[in-house]
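Following: one structure in structure tokens, then a few remarks.
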Amino acid sequence: ATNRLVWDSVAKLEFAQNVLASAEPYLSKPFPVWNDSVYKLYYVTGARDQTDALMRSRQVLLPMLVLAECVENKGRFIPVIEKVMVSYCNQPTWTLAAHDWNMDNFKGNFGVDLHAANIAHQFGQTLHLLGSKMNPKVKKLALQNLDKRIFAPVSKSLTNPGGQQWWLTTTNNWNAVCVSGVTSAALATQTDVNVRAFYVTFGQQLITNFLNGFLDDGYCVEGIGYFSYGFGNFMLLRETLMNATNGRVDLFNNPKVSKIANYPLKSEIQNGIFPAIADCGTHSQ
């Protein structure tokens, strides 16, 4: 955020003004409160609606607030951003209830799911963009939570094949989302060259499992919705690794990837209509 040459030019865009307009109410509006009872409803009813809504109502705010501060650069949003991050650090779990069947995460035996990977990504980007403007105690707390909730469980699973992080070797969208989120969080916050090299290798090697889930012609057996989610996160990982290695590691440098990238073009029936296969809704695009 200190690079005003970039951010002052961004501030002139309509996008930036929309972000500011959306973020300003939260200068006085309270952050959605965590509620154990609502989270645990999933274990009572088996329905995800209320539990997921609780998690996602909290998930969407941090990127908006951080972008608003980067654009405006007046420090107005820093106290709110810090409150949000502290609230996350006090939240019992970053994992969706539907992904925590035995309540392991809720009880402190942390693991990484799609939602936790996204929060890790958000924490990493926040510390990277605003770290110099934030309270050192909040920064320390955020880094401690990244370590115990994200990096330590992943590290443990890498040395224990029977560990909790099954997505390390899966071939579906979970691999791309979680590998991307973990790698991004690490490379945005870790300064030791050996640790950084470890996570570059982590991302570069483990994402091959995701690519193996596509057929040789690039066809996505998960359908267009999960293609957008999974391949979108693959592209984010590609950018993360490109930035970290000055372009030396490029996940697009693979002939199969160009075939995968053409999957939407080849599978479109007409005018934005795609086959509703696998987990796709009939209006997935």
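Every heavy atom of this structure was used, including side-chain atoms; hydrogens, water molecules and symmetry mates were not.
- With Ser157 contributing its side chain and Val154 its backbone, the two residues share no donor-acceptor pair below 3.5 Å.
- Once rounded to the nearest 0.5 Å, the distance linking OG1 of Thr159 with NZ of Lys156 reads 8.5 Å.
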Problem set entry | side-chain contact (heavy atoms from CB on, under 4.5 Å) between Met85 and Lys139, intermediate numbers included | CA-CA 9 Å; Met85 295 189 82; Lys139 287 171 59 179; over 6 Å; no
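- Using modelled atom types, no side-chain atom of Gln50 and backbone atom of Leu41 make a donor-acceptor pair closer than 3.5 Å.
- In terms of modelled atom types and a separation under 3.5 Å, the side chain of Asn262 and the main chain of Ser258 share a donor-acceptor contact.
- Across Asn172, Thr171, Asn173, a single residue satisfies side chain to side chain donor-acceptor pair (under 3.5 Å) together with Glu222, and that is Asn173.
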For this session: Determine, step by step, whether Ile260 and Tyr219 satisfy the side-chain contact (heavy atoms from CB on, under 4.5 Å) criterion, reporting the C-alpha distance in whole Å, the side-chain angles of both residues, the deciding distance to 0.1 Å, and the verdict.
Result: CA-CA 7 Å; Ile260 294 170; Tyr219 183 82; over 6 Å; no
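- Counting heavy atoms from C-beta on, the side chains of Pro32 and Leu54 never come closer than 4.5 Å.
- Atom CG of Leu187 sits about 11.0 Å away from atom CZ of Phe198, to the nearest 0.5 Å.
- With a 4.5 Å cut-off on side-chain heavy atoms, Lys29 and Tyr26 count as touching.
- Here the CH2-CG distance, from Trp167 to Asn175, works out to 7.5 Å after rounding to the nearest 0.5 Å.
- Under a 3.5 Å cut-off, the side chain of Ser184 and the backbone N or O of Gly124 do not form any donor-acceptor pair.
- Proximity of a side-chain donor or acceptor of Ser284 to a complementary backbone N or O of Cys280 within less than 3.5 Å is not detected.
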Donor-acceptor list for residues 110-118 side chains, cut-off 3.5 Å, not counting sequence neighbours:
{"from": "Asp113", "atom 1": "OD1", "to": "His115", "atom 2": "N", "distance (Å)": "3.2"}
{"from": "Asp113", "atom 1": "OD1", "to": "Ala116", "atom 2": "N", "distance (Å)": "2.8"}
{"from": "Asp113", "atom 1": "OD2", "to": "Leu96", "atom 2": "N", "distance (Å)": "3.1"}
{"from": "Asp113", "atom 1": "OD2", "to": "His99", "atom 2": "ND1", "distance (Å)": "2.8"}
{"from": "His115", "atom 1": "ND1", "to": "Trp94", "atom 2": "O", "distance (Å)": "2.8"}
{"from": "Asn118", "atom 1": "OD1", "to": "Gln59", "atom 2": "NE2", "distance (Å)": "2.8"}
{"from": "Asn118", "atom 1": "OD1", "to": "Gln122", "atom 2": "NE2", "distance (Å)": "2.8"}

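- Using a 3.5 Å distance cut-off with no hydrogens or angles, the side chains of Asn73 and Lys133 do pair a donor with an acceptor.
- The aromatic rings of Phe227 and Tyr263 sit tilted relative to each other, their planes meeting at an angle between 30° and 60°.
- Taking each heavy atom of Trp7 and Leu129 in turn, the nearest pair found is CZ2-CD2, 4.1 Å.
- Looking at Thr208, its side chain does come within 3.5 Å of a backbone N or O of Gln205 through a donor-acceptor pair.
- Using a 4.5 Å heavy-atom threshold, the side chains of Trp34 and Pro92 count as touching.
- Contact check for Lys259 versus Lys266: no side-chain heavy atoms found under the 4.5 Å cut-off.
- Taking the six-membered ring for Trp and thresholds of 30 and 60 degrees, Phe106 and Tyr39 have nearly parallel ring planes, at less than 30 degrees apart.
- Within the structure, side chain to side chain donor-acceptor pair (under 3.5 Å) contacts touching residues 237-246 (residues at least two apart or in different chains) are Arg238-Asp250.
- Between Val19 and Val71, the closest side-chain pair of non-hydrogen atoms is not below 4.5 Å.
- Using a 4.0 Å cut-off between a side-chain N of Lys or Arg and a carboxylate O of Asp or Glu, Lys74 and Glu69 do not qualify as a salt bridge.
- For the pair Glu82 (side chain) and Asn135 (backbone), a donor-acceptor distance under 3.5 Å is present.
- Between atom OH of residue Tyr199 and atom CG of residue Asp192 there is a gap of 11.5 Å, rounded to the nearest 0.5 Å.
- Heavy-atom neighbours of Lys256 NZ from other residues, nucleotides or ligands within 6.0 Å: above the threshold of 12.
- Between Thr170 and Asn209 the shortest side-chain heavy-atom distance does not fall below 4.5 Å.
- There is no side-chain donor-acceptor pair under 3.5 Å between Asn105 and Thr93.
- Two residues are said to be in side-chain contact when any heavy atoms from C-beta on lie closer than 4.5 Å; Gln165 and Pro153 meet this criterion.
- Put simply, the side chain of Phe77 reaches to within 4.5 Å of the side chain of Leu27, judged on heavy atoms.
- The main-chain N or O of Lys83 is never found under 3.5 Å from a side-chain atom of Ser87 such that the two would form a donor-acceptor pair.
- Legend: side chain to side chain donor-acceptor pair (under 3.5 Å) pairs involving residues 141-153, not counting sequence neighbours, sorted by first then second residue: Asn145-Arg149.
- Counted within 6.0 Å of CG on Asn90, heavy atoms from surrounding residues, nucleotides or ligands total more than 12; the atom is thus considered enclosed.
- Interatomic distance, CE of Met64 versus CG of Leu20, reported as 10.5 Å (0.5 Å rounding).
- When Tyr229, Tyr226, Trp166, Phe210 are each tested for a ring-ring contact (aromatic ring centres under 6.0 Å, His included) with Trp174, only one passes: Trp166.
- Note: Ser267 OG to Ile273 CD1 = 12.5 Å, rounded to the nearest 0.5 Å.
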